[in-house]
Amino acid sequence: MEEAGRAFSPNRGPVMSQSAPLSPPLKEIPPKSADLSAWYTAVTLKAELISYSPVRGCVVLRPYGFGMWENLQKHLDERFKATGHENAYFPLLIPESLLVKEAEHVEGFAPEVAWVTHGGAERLAERLAIRPTSEAMIGTMYAQWIESYRDLPVLINQWVNVVRWEKATRPFLRTMEFLWQEGHTAHASAREAREETLRMLEVYREFAENVAAVPVYAGAKSASERFPGAVETFSIEALMPDGKALQSATSHDLGQNFAKAYGITFADADGQIKHAYTTSWGMSWRMLGAVIMTHGDDRGLRIPPKLAPVEAVFVPIVKGERRDTVAKAHELADGLRAAGLRVRVDDRDQSPGWKFTEWEMRGVPLRVEIGPKDIEAGAAVVVRRDMRKGEDGSRTVVAFDRLEGAIRELLEAVGASLYRQARAFLESHTLRARDRETLVEYCTSRAGMIDIPWCGRDECEARVKGQTGATTRNTRALEEPPGTHCVACGEPAKVSAYFAQSY
RNA sequence: CGGGACGUAGCUCAGCUUGGUAGAGCGCUUGCUUUGGGAGCAAGAAGUCGCAGGUUCAAAUCCUGUCGUCCCGACCA
């Protein structure tokens, strides 16, 4: 929930799960409800998603965290393929002369670029940028590859690391080196490029909601928030429990700006040489930060099943000399693994209670308990991570021979439930402001996504930002009747906008 | 980049004010007993006190610098 005493929350409800009264407090992490920042940092470390490294602002993505990234990749990549894209790989190092070709672009990224100046002991004749993004490199290659309208569209994506020299870093949310994917496409017409930009925005929205279980608002960025060099930038924006918005993916219509800078031309059907229209779109491991903050509770992570490295963990209960529960757990888990489920048996020499707490903290969606009583009954106890201890439906007794189907159903249920909870939070913290005082009050207190009719002008947004720290997150077609005035400044409204403070 | 805080065993921290042989709990190792919500007993291992200078007979402790982390702000696709 909100940071205690800070966030104004007019419609606060028991949306995010509180720790159950029967569950003892965790030793490793402070309660999420008490201090979101401290909780967030602790849980990323203690759940072994990441480790800090000897390099400032750069983290190690540990196997459990990488498992989440792999699942994100799998689901997103299959959506890219389904929309006609192919993967490729472009160089990490970008000659300065390429990077500077698009003026707005280089200006926007200049403060964040890391440079390679030496090869061994020799100073380079031209320094090389470590890619902060790859428009320059990919645009240069597209210029070579594209000659005719018959070569278009070009639909390529790459899964890579990028480096941006950041001043303040936080695991997943902002690191100097991070993993992402960047799609880059070239088209014969402005209309096609715009369609592609919106198509991929929709892919991100659908992915965020159905795979990551994170509800988002999709829309257009304001001019001040636009990608340097883009004609228009679109984003999906999620709302974190502290009332700050998190930009979770962007999709850019680059128009002909990069085609002109990098010489991407083609002979069209009418015989004219024309500049192509390009797009780029990206989602980074920041999305995992959104998942962590959105779903986690006082007892740790709650990972949506489709992203969970372990979907179900088996905890055998050993009694005296009886080790048959361990064998049975392995037997059942092997069967599920063969059926394609991601399961693990925790047969370490720890008490069951210790394991329950450990795997809850690490956010595994389902726990399967196999004890002597269960073996007698021919059934296991399956416990859901999305519900509180003792809540109706949190424990299900499932016959061994029905386990696979039941687990598949429960995983679906957990995912849907996490989404429902997050959706309820977003909706209850999306507030319409219809006068300036209310807008300022909501923005200042981080009440959530503040929805207003907006004029769309830079100076108006800048004034709100100066006063409250909030900016537009994204905008959409005006939902009010024509003639409505901007809530922030009183000029005629052009769009509907969400204002919020952001990460 | 500005303001604030922190850095001592794998983890959480005490010790620093007032300089004098490095501490606790948890974890770890071994053994035995345990195991349906973070087990018990016994024995044991484990720290260049972030790093570099300085002051001092003597520095975890005082001073300077530096690196890193956290919080708040600025900046940020």
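The shown structure was predicted, so the numbers you read here are calculated from the model rather than taken from an experiment. Quick note on labels: first sequence line is chain A, next is B, and so on, each numbered from 1. Atoms considered below: every heavy atom in the structure, side chains included; atoms not considered: hydrogens, waters and symmetry mates.
Counting any heavy atom pair closer than 4.0 Å across all strands shown, A:Pro111 reaches no nucleic acid atom. Residue contacts for A:Glu112: at a heavy-atom cut-off of 4.0 Å it reaches the sugar-phosphate backbone alone, with no base atom in range. At the heavy-atom level, A:Lys27 lies under 4.0 Å from base atoms of the strands shown. At a threshold of 4.0 angstrom between heavy atoms, the contacts of A:Gln247 are confined to the sugar-phosphate backbone, with no base atom among them. Within 4.0 Å (heavy atoms only), A:Glu225 reaches sugar-phosphate atoms of the nucleic acid but no base atom. Nucleic acid contact for A:Thr250: sugar-phosphate only, since backbone atoms but no base atoms lie under 4.0 Å from a heavy atom of the residue. Nucleic acid contact for A:Lys355: none, since no nucleic acid atom lies under 4.0 Å from a heavy atom of the residue. Contacts of A:Thr169 with the nucleic acid, taken as non-hydrogen atoms under 4.0 Å apart, involve only primed sugar atoms and P, OP1 or OP2. Among the protein residues, A:Gly57 comes within range of the sugar-phosphate backbone only, with heavy atoms under 4.0 Å from sugar or phosphate atoms but none that close to a base. In this structure, A:Gly320 reaches the sugar-phosphate backbone alone: every heavy-atom distance under 4.0 Å involves primed, P, OP1 or OP2 atoms, never a base. Using a 4.0 Å heavy-atom cutoff across all strands shown, A:Val315 reaches no nucleic acid atom at all. Note on A:Pro54: nothing from the nucleic acid sits closer than 4.0 angstrom, heavy atoms only.
For the residue pair A:Asp347 / A:His330, a side-chain donor-acceptor distance below 3.5 Å is found, with atom types taken as modelled. Side-chain N/O atoms of A:Asp458 and A:Ser224 include no donor and acceptor closer than 3.5 Å.
A perpendicular orientation is assigned to the rings of A:Trp69 and A:Trp285, their planes being inclined by more than 60° (bins at 30° and 60°).
Pairing for B:rC70 is with B:rG4, a Watson-Crick or G-U wobble pair whose two hydrogen-bonding atom distances lie under 3.5 Å. In this structure, B:rU29 and B:rA43 make a Watson-Crick or G-U wobble pair, each of the two defining distances being under 3.5 angstrom.
Between B:rC32 and B:rU17, the two C1' atoms lie 48 Å apart (nearest whole Å). Distance check on atom P: B:rG50 versus B:rA60 gives 10 Å, rounded to whole Å.
Looking at the side chain of A:Pro171, the nearest of the listed nucleotides B:rC70, B:rG38, B:rA74 is B:rC70. Closest approach to the A:Lys465 side chain among B:rC75, B:rG36, B:rG38 is made by B:rC75 (side chain taken as heavy atoms from C-beta onward). Side chain of A:Lys167, nearest nucleotide from B:rC11, B:rG38, B:rA74: B:rA74. With distances taken from any side-chain atom of A:Asp374 to the nucleotides B:rG36, B:rA39, B:rC28, the minimum falls on B:rG36. Set against B:rG37, B:rG38, B:rC76, the side chain of A:Trp354 has B:rG38 as its closest nucleotide. Comparing B:rG37, B:rU35, B:rC70 against the side chain of A:Arg323 picks out B:rU35 as the nearest. Relative to the side chain of A:Gln350, the nucleotides B:rC76, B:rG36, B:rC28 differ in distance, and B:rC28 lies closest.
Both the sub-6.0 Å distance and the 45° axial angle are not jointly satisfied by A:Arg286 relative to the ring of A:Phe178.
Classification of A:Glu391 and A:Arg384 as a salt-bridged pair fails, no side-chain N sitting under 4.0 Å from a carboxylate O. Taking 4.0 Å as the cut-off between side-chain N and carboxylate O, A:Asp297 and A:Lys32 do not count as a salt-bridged pair.
When rounded to the nearest whole Å, the span between OH of A:Tyr503 and P of B:rA74 equals 14 Å. A:Asp346 places its CG atom 14 Å from the P atom of B:rG36, with the value rounded to the nearest Å.
Nearest approach of A:Val162 to A:Glu182, heavy atoms of both residues: CG1-OE2, 4.2 Å.
Applying the 3.5 Å distance criterion, the base of B:rG37 shares a donor-acceptor pair with the side chain of A:Arg367. Contact of A:Glu360 with B:rG37 (side chain to base): a donor-acceptor pair of N or O atoms is detected under 3.5 Å. The base of B:rG38 sits with one of its N or O atoms less than 3.5 Å from a complementary donor or acceptor on the side chain of A:Glu28.
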